[in-house]
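Below, chains carry the letters A, B, ... as their sequence lines are ordered, and counting in each starts from 1.
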Protein chains: 2
Amino acid sequence: LSQRVTIALDAMGGDQAPRMVLRGAEKALKRFPQVHFLLFGDRDKIEPLLAKTPRLAKCSTVHHTDEMVTSDAKPSTALRAGRRSSMRLALDAVSDGQASGMVSAGNTGALMAMAKFALKTLPGIDRPAIASFFPTLRGESVMLDLGANIECDADNLVQFAVMGDAFARAVLGLVSPSVGLLNVGSEELKGNDAVRNAASRLRGAYSPVNFYGFVEGNDIGAGTVDVVVTDGFTGNVALKTAEGTARLFTEFLRAAFKNSLLGRLAYLLGRGALGKMRQRLDPRRYNGAIFLGLNGIAVKSHGGADALGFCNAIGVAVDMIQNGFIDKIRDELAHLEPPAAPAGPQSAAL
Amino acid sequence: LSQRVTIALDAMGGDQAPRMVLRGAEKALKRFPQVHFLLFGDRDKIEPLLAKTPRLAKCSTVHHTDEMVTSDAKPSTALRAGRRSSMRLALDAVSDGQASGMVSAGNTGALMAMAKFALKTLPGIDRPAIASFFPTLRGESVMLDLGANIECDADNLVQFAVMGDAFARAVLGLVSPSVGLLNVGSEELKGNDAVRNAASRLRGAYSPVNFYGFVEGNDIGAGTVDVVVTDGFTGNVALKTAEGTARLFTEFLRAAFKNSLLGRLAYLLGRGALGKMRQRLDPRRYNGAIFLGLNGIAVKSHGGADALGFCNAIGVAVDMIQNGFIDKIRDELAHLEPPAAPAGPQSAAL
């Protein structure tokens, strides 16, 4: 059950690194006692912190480097000049087989560029995507791409569907997740060529996933499907629009309760209830954007995450490793192309 | 101040038409006593309802037709076969000059196709767009396109910026509304060619609008800019994602309060406060999607709108008419192209 799992951490990535990273690792250790950490970063900063947490120290190995990728570094610069950075060394640990996955709260663009280079994409995948999960009326769903690929063709979207399916099975524990393509309407003729052609392939007899059809923006929060597939431009806008709407709602709620004596009393009595709601929507629960389509597991924590958020990002990596995500996705990709036998009538649908 | 304004209404469009349309018109009359309505639709259904509302009857003229556009009609079919429909006759009343604007709660695609045909686009506009306003932390903002144009180039986006600017000035009463282009980041190099090229033109010396720069999805709810410009695919997804998130939040809130005795008590005491919040976010306040870029005013009410929602859609049309929206936008479009004189250095920026 609890085979030892080794995770490489970019100890220097994130606004509050390395303190936040180590605190997150300590929390994760309580949840996953089978984990061993490889900590990449500045020994002089890491070791004094480790000295105070003997339990984490016992389960960690420090790999010193005094280089790190800054939060404003360009991906190309990081790729060229960051070969000794904590982020890159953590990725190299995964490609070398020393670690089964890595987590960083550093620069997203640099991490994506380096991850592609160090881990390579899986056979059958043209471009990796960024995925995340989020709360819905029905539980939790996965969405991708969240910004790695600004322009996508039908092939990319079909590959995203496969990656999202494997991810939902590995991390959400679903047997046959439903997959929807984000569009501006549910009818077959809606949308652009990329979504229409991708839908036609996903509807076919050799579809690699349980395809629901098109979904619209409101289906994201409704949880109509387990996996929402879209291009990186739309996905990024949708994710951030949802975040902005949640903030608007929270602020309006606060203002409404503050504005009268009765409201303030209601707020006092309702604190427990509101706290429960906040917990359900807590962005720290949904921290951990996953780079899918790579030959290795790389999870990006939010740069402003706290220890609990970082711990959850580690949790995502552990889930993916223990559920054999890379094997699952390899297996699906191998079956993606229709066999050479004559295609049935459905494969030509639409 | 209150010159008589004639508005044509598609009395047969919407789930609860014609009753909802007439009730909405009655409400609007209280707010805008200067309005006269031309009611297009089935006399046998309209007149019995009018008989019960003598005040509205006095300010209305019924134009009988027994044809109407169904909610599932294809735009091309409606355009070809719906020449005597209530929707089309209401549009014709605007193009003939009998009415200064029209409102319909009918089929969106059919209305857009017919409006383009009957009203024509303004000189300088390639494609009309759908705009709406929505609540933000700072008040209200406008977003377009919300779904009329699935694929947009830089020219379209620049034209949308001009239309949104004129609309915000006419309906929100702003003197120099700030305009933002929706993108996946704020840096100049982010996004696709269309947004980068549009931004470069809007940043130039001859920019027709007060251009803020790129905004992201979370800026929509934050109200960072007065006008959010985007293509119809992204805009439609963003709008519906915001709606879905608001519903998720509302449901979680309800569940949280219902789950304990204390929560239920808090809910009772907080009803007033919650009601105020609901009012601020009431979708009926934001009913009325406006077709911009046409040589005439056409407002689309939500098909499921109630009388208050429809009344608000009429209000948007009245505001546009009284604030001389069509003249404002014509004037801006005339100044859109840089003059023939040598361009300053800024116009070549980026």
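Of the inter-residue distances, the one linking B:Thr241 atom OG1 with A:Ile220 atom CD1 reads 3.5 Å to the nearest 0.5 angstrom. With rounding to the nearest 0.5 angstrom, the CD atom of B:Glu243 is 6.5 Å from the CG atom of A:Asn218. Atom CZ of A:Phe252 and atom OG1 of B:Thr136 lie 7.0 Å apart (nearest 0.5 Å).
Heavy-atom minimum distance, A:Phe233 versus B:Leu182: CZ-O, 3.6 Å. In terms of heavy-atom proximity, B:Asn183 sits nearest to A:Val237 at O-CG2, 4.2 Å. Residues B:Leu248 and A:Pro135 come closest through the heavy atom pair CD2-O, 3.7 Å. The nearest pair of heavy atoms linking A:Lys240 to B:Val184 is NZ-O, 3.7 Å.
Annotation: maximal heavy-atom pairing with chain B below 4.5 Å, among A:Ala256, A:Gly223, A:Gly221, occurs at A:Ala256. Heavy-atom pairs under 4.5 Å with chain B peak, among A:Glu216, A:Arg247, A:Lys190, A:Glu251, at A:Glu216. For the set B:Gly244, B:Gly185, B:Gly147, the count of heavy-atom pairs under 4.5 angstrom toward chain A peaks at B:Gly244.
Both the backbone and the side chain of B:Leu137 have a heavy atom closer than 4.5 Å to some heavy atom of chain A. Both the backbone and the side chain of B:Ala238 come within less than 4.5 Å of a heavy atom in chain A. Using a 4.5 Å cut-off between heavy atoms, B:Asp219 does not touch chain A at all. Using a 4.5 Å cut-off between heavy atoms, B:Leu253 contacts chain A through both its backbone and its side chain.
Contact of the A:Phe249 side chain with the B:Thr250 side chain is registered, since non-hydrogen atoms from C-beta on lie closer than 4.5 Å.
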